[in-house]
Amino acid sequence: MTADPAGSEPDPTESDVSESDATKSDATKSDLPESDAPESDATEPDVAEPDALVEPAGEILFAESGGSWWVVLIGPILVGAVLAMEIAGPGQVHWPVLAIFFVLLLGFSLVQVSAARRHVSVELTETTLRQGTVTTPLADIRTIFPPNHGHAPEDWESASALGELHGVPRRRTGIGVELTSGTLAQAWARDVERLRSELTQAHEAVRLGLPPRGTSATGSDPGDQESTE
């Protein structure tokens, strides 16, 4: 038998080869740039944040519709009365003329009432005052002026009205207010005395930080209720 030459090293085993290959593959992966590595954050779907809680406006303390739908019936009633007289009389019934008047009166009254209910309506809640289509938070009102019983006009009487209208609408009376921005304005209503009373009480409650009615029980933490029992 021939002896192995001195100093010769044994052939590497399969385990040594596999360990060296694994070490090289790990080193190759670590040398890769960060952009080539898959990012787990990019594949995850965006989680929608919860919507902000909307403060409740509270109960409706005062409301005026601005216009009544019964006004729409005035035109048809008048046309019906004329039609009845023509039918009962000896003359001819003017159907085309009466039909035209019926459509004109009905359309005009519908437009008028719809505009009044949109732009001249009033709604006061425990936290907001809506005049027409514009809603003013009561927290934005700094002062509510008393009625002017003197002969000299007050500064707020020449101020613009709250809402989209420039002045106080017809058959309505203004209430002088000063906003937190320093601007003078007029709240208005047909029943101005009742609006003044409800507005003053609601404004005082908002100024004191009192929550709307019914929100203290629903907004409390159940843990707080358990601790008090």
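In what follows, residues are counted from 1 in the order of the sequence shown.
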**Request:** Show your reasoning for whether side chain to side chain contact (heavy atoms under 4.5 Å, CB included) applies to Ile74 and Leu105.
**Result:** CA-CA 8 Å; Ile74 295 178; Leu105 293 176; over 6 Å; no

**Asked** Is there side-chain contact between Leu195 and Trp188, with heavy atoms separated by less than 4.5 Å?
**Response** no

**Request:** Group every Ile, Leu, Val, Met, Phe, Trp and Tyr by side-chain heavy-atom contacts under 4.5 Å, then state whether Leu61 and Val122 land in the same group.
**Result:** yes

**Side-chain heavy-atom pair Glu204, Arg207 within 4.5 angstrom cut-off** = yes

**Prompt:** To the nearest 0.5 Å, what is the distance between CG (Leu138) and CG (Leu124)?
**Reply:** 6.0 Å

**Message:** Is there a continuous path of hydrophobic side-chain contacts, each under 4.5 Å between heavy atoms, that joins Trp70 to Leu78?
**Reply:** yes

**Asked** Would you say Arg117's side chain and Ser65's backbone share a donor-acceptor pair under 3.5 angstrom?
**Response** no

**Asked** Between Glu126 (side chain) and Ala202 (backbone), is there a donor-acceptor pair under 3.5 Å?
**Response** no

**Prompt:** Could you give the distance from CG (Asn148) to CD (Glu154), rounded to the nearest 0.5 Å?
**Reply:** 4.5 Å

**Item:** Neighbour count above 12 (heavy atom, 6.0 Å) for Phe101 CZ
**Value:** no

**Asked** Is there a chain of hydrophobic side chains (I, L, V, M, F, W, Y, each step under 4.5 Å between heavy atoms) that links Val71 to Leu104?
**Response** no

**Item:** Residues in salt bridge (Lys or Arg N to Asp or Glu O under 4.0 Å) contact with Glu178, at least two apart in sequence or another chain
**Value:** Arg142

**Atom pair CG/CG of Leu73 and Leu106 - distance to nearest 0.5 Å** = 9.0 Å

**Verdict with reasoning, Thr125 to Arg130, per side chain to side chain donor-acceptor pair (under 3.5 Å)** = CA-CA 8 Å; Thr125 67; Arg130 181 179 62 80; over 6 Å; no

**Request:** Report yes or no: do Val93 and Val79 belong to one cluster of Ile/Leu/Val/Met/Phe/Trp/Tyr joined by side chain heavy-atom distances under 4.5 Å?
**Result:** yes

**Message:** Quick check for you: to the nearest 0.5 Å, what is the distance between Ile144 atom CD1 and Leu199 atom CG?
**Reply:** 3.5 Å

**Prompt:** Below 4.0 angstrom, N of the basic side chain to O of the carboxylate: do Arg190 and Glu64 qualify?
**Reply:** no

**Item:** Check against side chain to side chain contact (heavy atoms under 4.5 Å, CB included), Phe108 and Val72
**Value:** CA-CA 9 Å; Phe108 177 77; Val72 179; over 6 Å; no

**Asked** Roughly how far, to the nearest 0.5 Å, is the CD atom of Gln131 from the OG1 atom of Thr133?
**Response** 11.0 Å

**Message:** Is there a side chain to side chain contact (heavy atoms under 4.5 Å, CB included) between Ser197 and Gln201? Walk through the geometry before answering.
**Reply:** CA-CA 6 Å; Ser197 175; Gln201 297 179 31; 3.4 Å; yes

**Message:** Just so I know, are the side chains of Leu83 and Trp95 near enough to count as touching, which here means a heavy-atom distance under 4.5 Å?
**Reply:** yes

**Partners passing side chain to side chain contact (heavy atoms under 4.5 Å, CB included) against Ser158 (at least two apart in sequence or in another chain)** = none

**Approximate separation, where rounding is to 0.5 Å, of Leu129 CG and Asp140 CG** = 11.0 Å

**Asked** Are the side chains of Leu162 and Val134 in touch, meaning some heavy atoms are under 4.5 Å apart?
**Response** no

**Request:** Determine whether Ile87 and Leu98 fall in the same hydrophobic cluster, where Ile, Leu, Val, Met, Phe, Trp and Tyr are linked whenever their side-chain heavy atoms lie under 4.5 Å apart.
**Result:** yes

**Request:** Using atom types as modelled and distance alone, determine if a side-chain donor or acceptor of Glu164 lies under 3.5 Å from a backbone N or O of Gly132.
**Result:** no

